[in-house]
Amino acid sequence: MSEIQTNLEAVRERISAAATRSGRAALDVELLAVSKTKPVEILQEAVEAGQLAFGENRVQEILLKHPQLASKLRWHLIGPLQSNKVRKVLPLVEMIHAVDSLAIAKDINRIAGELGLHPKVLIEINVAAESSKHGFSPDQIREQLEALYELDRLYIQGVMCIPPFDLSMEKVRPYFVHLRELRDDLQKRGGALLPQLSMGMSHDFEVAIEEGATIVRVGSAIFGGRG
Ligand SMILES: *Cc1c(COP(=O)(O)O)cnc(C)c1O
C-alpha cells in the first residue's frame with residue numbers, strides 16, 4: 001500500500017468515527033483531498049485509492065492539473081477567486097467554496113450566464129473577524145443575503161470558514177458552532193436551505209464533523225506537509 005493510500009484510509013476511518021460519535025452517517029461527510037502544491041503523480045495515487053474529489057486553492061493549479069487527470073475527478077476551488085479568472089475556471093469545477101464578496105458573486109453570476117452554467121457556490125464567512133482573512137462578516141452576510149439570492153445563476157449551497165489555527169480543539173470548536181448557527185439563521189432569513197457546511201482541515205476535521213461539517217478539506221494529513 002502506498003503512503004497516500006494508508007493516509008487516506010486513516011483519514012476516512014477518523015471521519016467515520018467522528019460521524020458515528022455525533023450520530024451522523026459517514027456518507028454525509030464529503031472528504032475533499034486538498035492537493036495544492038502537489039504534482040499530478042501524487043494526486044494519481046490518491047485516485048487509485050478511490051479518491052475522486054480534490055480541493056485546490058489556486059485557479060492556476062486547477063488549470064494545470066485538470067487536463068492531466070481523468071475527467072471523472074471532481075474539482076473544488078477552495079481559495080479566493082479573482083474576476084479575471086472566473087471564465088477559465090468555472091467550466092472545470094464542481095463547486096466554488098470561497099465567495100467572499102457581493103462583487104465576485106456578481107461576476108460569477110454574469111459569466112455563468114454567458115457560459116450557460118449554474119455553478120454551486122458557498123459563501124465564505126470570516127468567523128473570527130480576522131483582518132488577515134477573506135469573507136463576509138456575520139453582519140455583512142445578513143445584510144447582503146437578499147442581493148446574493150437575486151443572482152439567479154448561482155446555486156448557493158451553504159457556507160465555509162477557515163477559523164484561526166489552534167491546536168486546542170476546545171478553542172476551535174466555538175467557531176464551527178458559530179458557523180452552523182449562522183447558517184441556521186441565514187436559512188430562516190432567506191427561506192432556502194443551505195445544506196453544506198465546509199469546515200475542518202487536517203488538524204481539526206473531527207471537531208468540525210462533530211459540529212455538523214458536510215465537507216471537510218484535508219490536505220497535509222493525506223499528502224504530507226507542503227515544505
Ligand atoms: C490548504 C487548505 C486546506 C487544507 O489544509 P491542511 O491543513 O493541509 O489540511 C483547507 N482549506 C483551505 C482553504 C486551504 O487553503
Side-chain angles (χ1 to χ4, degrees), residues 3-15 18 29-40 42-43 45-46 49 51-65 73-82 85 89 92-101 104 108 119-128 130-136 157-169 171-173 175-176 178-180 196-227:
E3 192 183 330
I4 287 173
Q5 195 170 351
T6 310
N7 291 347
L8 256 174
E9 284 193 4
V11 168
R12 286 180 187 139
E13 270 170 31
R14 288 166 60 193
I15 289 174
V29 182
E30 164 123 66
L31 170 60
L32 267 194
V34 175
S35 45
K36 61 188 184 196
T37 78
K38 302 295 175 186
V40 288
I42 298 288
L43 275 71
E45 283 188 37
Q51 183 65 30
L52 298 180
F54 289 86
E56 290 281 349
N57 70 332
R58 291 176 59 239
V59 168
Q60 213 49 44
E61 275 192 73
I62 294 181
L63 299 180
L64 179 77
K65 292 172 184 177
L73 302 197
R74 296 181 284 111
W75 298 87
H76 288 218
L77 179 65
I78 61 175
L81 177 57
Q82 287 155 354
K85 303 207 169 123
V89 82
L92 304 185
V93 293
E94 176 177 62
M95 191 180 281
I96 294 173
H97 283 233
V99 172
D100 58 4
S101 70
I104 191 69
I108 298 170
K120 294 179 185 168
V121 303
L122 305 179
I123 306 299
E124 180 173 6
I125 307 295
N126 190 349
V127 277
E130 293 172 279
S131 58
S132 60
K133 294 244 175 93
H134 297 267
F136 291 84
Q157 302 240 304
V159 288
M160 77 86 87
C161 73
I162 309 170
F165 181 86
D166 202 306
L167 284 176
S168 153
M169 290 310 113
K171 286 195 180 144
V172 179
R173 187 184 300 275
Y175 295 114
F176 295 142
H178 185 181
L179 189 69
R180 186 189 66 227
Q196 301 287 4
L197 279 175
S198 167
M199 56 188 196
M201 303 167 43
S202 289
H203 68 289
D204 59 12
F205 67 86
E206 287 152 303
V207 186
I209 291 169
E210 288 169 15
E211 298 304 339
T214 59
I215 305 178
V216 291
R217 311 177 308 263
V218 179
S220 48
I222 298 170
F223 297 111
R226 286 178 294 269

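For ligands, and for the atoms within them, numbers begin at 1 and follow the listed sequence. Not measured: the values here are computed from a predicted model.
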Checklist entry - So, are E124 and K133 salt-bridged, with charged N and O less than 4.0 Å apart? => result no
Item to check | The one among H134, M201, R226 that brings a heavy atom closest to atom 8 (O) of ligand 1 | outcome: R226
Only distances under 3.5 Å count here; give the side-chain donor-acceptor pairs of residues 54-61 to other protein atoms, sequence neighbours excluded, each with its distance to 0.1 Å.
from	atom 1	to	atom 2	distance (Å)
E56	OE2	S35	OG	2.7
E56	OE2	K65	NZ	2.7
E61	OE1	T37	N	2.8
E61	OE1	K65	NZ	2.7
E61	OE2	T37	N	3.3

Checklist outcome for this item: Note: ligand 1 atoms sitting under 4.0 Å from heavy atoms of V218 are 9 (O)
Checklist entry - Tell me, which protein residue and heavy-atom name are nearest atom 11 (N) of ligand 1, and how many Å apart are they? => result R217 NE, 2.9 Å
Checklist entry - In the protein, which heavy atom is nearest to atom 9 (O) of ligand 1, and how far is it? => result S202 OG, 2.5 Å
Checklist entry - What are the atoms of ligand 1, with element, lying closer than 4.0 Å to any heavy atom of I162? => result 13 (C)
Item to check | Protein heavy atom at shortest distance from atom 2 (C) of ligand 1 | outcome: K36 NZ, 2.6 Å
Checklist entry - Does H203 come within less than 4.0 angstrom of ligand 1, counting non-hydrogen atoms of the residue? => result no
Item to check | Shortest non-hydrogen separation from N7 to A221 and the atoms involved | outcome: CB-O, 3.4 Å
Next on the checklist: Are the side chains of V127 and Y175 in contact, using a 4.5 Å heavy-atom criterion?
Outcome noted: yes
Item to check | Worked verdict on R74 versus E30 for salt bridge (Lys or Arg N to Asp or Glu O under 4.0 Å) | outcome: CA-CA 12 Å; R74 296 181 284 111; E30 164 123 66; 3.0 Å; yes
Checklist entry - So which heavy atom in the protein is nearest atom 12 (C) of ligand 1, and how far is it from that ligand atom? => result I78 CD1, 3.5 Å
Checklist entry - Please, which pairs that meet ring pair (Phe, Tyr, Trp, His ring centres under 6.0 Å) have at least one residue in residues 196-219, sequence neighbours excluded? => result F165-H203
Item to check | Geometric N/O contact G219 with ligand 1, under 3.5 angstrom | outcome: yes
Item to check | E94 CD: over 12 foreign heavy atoms closer than 6.0 Å | outcome: yes
